[in-house]
Amino acid sequence: MPPLGEVPARMHASVIRPERYGPPSQGFAMEVVDVPAVGRGQVLVYVMAAGINYNNVWASLGYPYDVVAGRRKKGEPEDFHIGGSEGSGIVWAVGDGVTSVRVGDEVTLSGCTWDETAEDIRLGADPMTSVTQKAWGYETNYGTFAQYALVKDFQCHPKPKNLSWEEAACFLLTGATAYRQLCGWPPHTVEPGDPVLIWGGAGGLGSMAIQITRIRGGIPVAVVSDDERGKHCLELGAEGFINRNDFDHWGRLPDTSDGAAMAKWMKGARAFGNRFWEILGERRAPRIVLEHSGQNTIPTSMYLCDTAGMVVICGGTSGYNGDLDLRFLWMRQKRLQGSHFANIRQCRQVIELAASGKLDPCLSWTGDFADTGRAHQLMYENRHPSGNMAVRVNAAAA
Ligand code: NDP
């Protein structure tokens with residue numbers, strides 16, 4: 001480790017460039033780049049470990065959004081992208097006006113940024129709904145896939161002392177996103193006894209959502225694609241799991257005027273619902289459905305969700321065109337709610353759960369810095385282990 005606070009001119013980084021856009025194994029490469037200057041209200045963090053998330057699979061693909069072109073259009077000079085929307089590290093330098101952290105503080109970093117002087121925030125908006133809000137390390141440069149990351153001061157949170165660097169790096173993005181989905185949209189917050197359906201229960205979001213649901217007294221039921229992943233969900237507290245490969249009604253909804261196709265789809269959706277009842281041991285529908293799988297699953301989510309319940313969605317892994325039969329929405333008075341990461345209060349609540357030992361960060365895989373592309377490739381192919389993943393950046397292997 002260099003002397004505390006001594007900032008070098010150049011650093012190693014795992015970089016995405018437009019000329020390499022494609023699957024992560026091709027998109028990411030190790031390079032040496034300039035360390036960014038630290039502006040007012042900003043903090044330079046010596047990155048110990050970085051969490052791996054799906055957003056930088058999208059960044060590497062250059063689809064559905066070209067992150068480099070987007071930033072260059074706004075006048076930023078860099079022709080490359082350093083992703084990484086969460087991590088842990090040591091405060092190495094602070095810009096003018098920063099009083100909340102000091103050089104040497106050990107921190108966990110949260111993954112959204114905004115302009116605290118924006119009019120909507122000054123008028124009382126949740127910063128996550130501000131027009132200035134951006135996913136840091138995806139829509140912005142200088143994330144945690146480099147030796148030094150550049151954040152705003154409010155992205156720095158005390159690192160839980162009970163967690164290793166890698167554990168502290170891997171859970172906040174998925175944990176806080178799941179927390180906002182499950183606790184941030186009253187009156188549809190998880191209450192004791194509420195059944196909750198969780199897609200991708202063994203994934204990053206799912207592993208956090210199962211635990212948060214249990215902590216709040218709800219009954220989590222997970223969906224997975226193999227029984228090994230189902231076992232992981234049971235260990236985290238799921239009441240049971242549904243293997244989605246036992247069903248074949250996935251994808252876009254048939255046209256409602258095609259009676260035969262619709263009947264076939266309904267048969268699949270009902271069988272899926274029966275499996276949910278079997279697990280609960282009673283005929284109750286999920287009050288909340290935690291969605292992120294998107295196009296392939298949203299028709300089933302909207303169908304199965306309880307009357308006056310909520311489907312809350314934060315992603316579209318299988319595609320962005322969400323079909324729904326509007327009759328289920330209005331006649332059963334359901335809510336379809338978009339949700340995106342989390343505000344600072346929600347981040348702190350999740351960090352507190354991890355710091356108190358109630359929430360397991362579920363670190364399942366740790367790689368070296370040079371493995372950053374490989375980790376994203378595993379995620380892209382849905383071949384990654386259950387839970388959350390991290391790479392050691394400056395931290396030494398244990
Ligand atoms: P993971 O890859 O860890 O988990 C996703 C899980 O989804 C997989 O384990 C897989 O489980 C399941 N899955 C994949 N394809 C399908 C499909 N076609 N149908 C049903 N399930 C599927 O990713 P994360 O949990 O980290 O993220 C999930 C999504 O949420 C991503 O699209 C990500 O971009 C988004 N996200 C959004 C955030 C936000 O703030 N808006 C924050 C965090 C994530 P299995 O195969 O076992 O069913």
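Values below: every heavy atom of this structure, side chains too, minus hydrogens, waters and symmetry copies. Start at 1 and go down the list; that is how both ligands and their atoms are numbered.
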> Run the side chain to side chain contact (heavy atoms under 4.5 Å, CB included) check on Leu4 and Trp92 step by step: do they pass?
Replying inline: CA-CA 7 Å; Leu4 181 65; Trp92 215 252; 3.5 Å; yes

>> Angle between ring planes, Phe28 versus His376, binned at 30° and 60°: parallel, tilted or perpendicular?
In response: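 Ring orientation, 0 to 90° scale: parallel.
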
> Using a threshold of 4.0 angstrom between heavy atoms of the protein and any atom of ligand 1, which residues qualify?
Replying inline: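 Within 4.0 Å of ligand 1, the protein residues are Tyr54, Trp58, Leu173, Thr174, Thr177, Gly200, Gly203, Gly204, Leu205, Val224, Ser225, Arg229, Arg244, His292, Ser293, Asn296, Thr297, Cys314, Thr317, Ser318, His340, Phe341, Met379, Asn382, His384.
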
>> I'd like to check the salt bridge (Lys or Arg N to Asp or Glu O under 4.0 Å) partners of Arg102; sequence neighbours left out, ordered by chain and number.
In response: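 Partners of Arg102 under the salt bridge (Lys or Arg N to Asp or Glu O under 4.0 Å) test: none.
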
> Ser301 and Trp199: side-chain donor and acceptor closer than 3.5 Å?
Replying inline: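 Distance-only check passes for Ser301 and Trp199.
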
>> According to side chain to side chain donor-acceptor pair (under 3.5 Å), who are the partners of Asp120, at least two apart in sequence or on a separate chain?
In response: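 Only Ser130 meet the side chain to side chain donor-acceptor pair (under 3.5 Å) criterion with Asp120.
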
>> Quick test of your reading: applying ring pair (Phe, Tyr, Trp, His ring centres under 6.0 Å), list the pairs with at least one residue in residues 153-188, sequence neighbours left out, ordered by first then second residue.
In response: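 Only Trp114-Phe154 qualify under ring pair (Phe, Tyr, Trp, His ring centres under 6.0 Å).
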
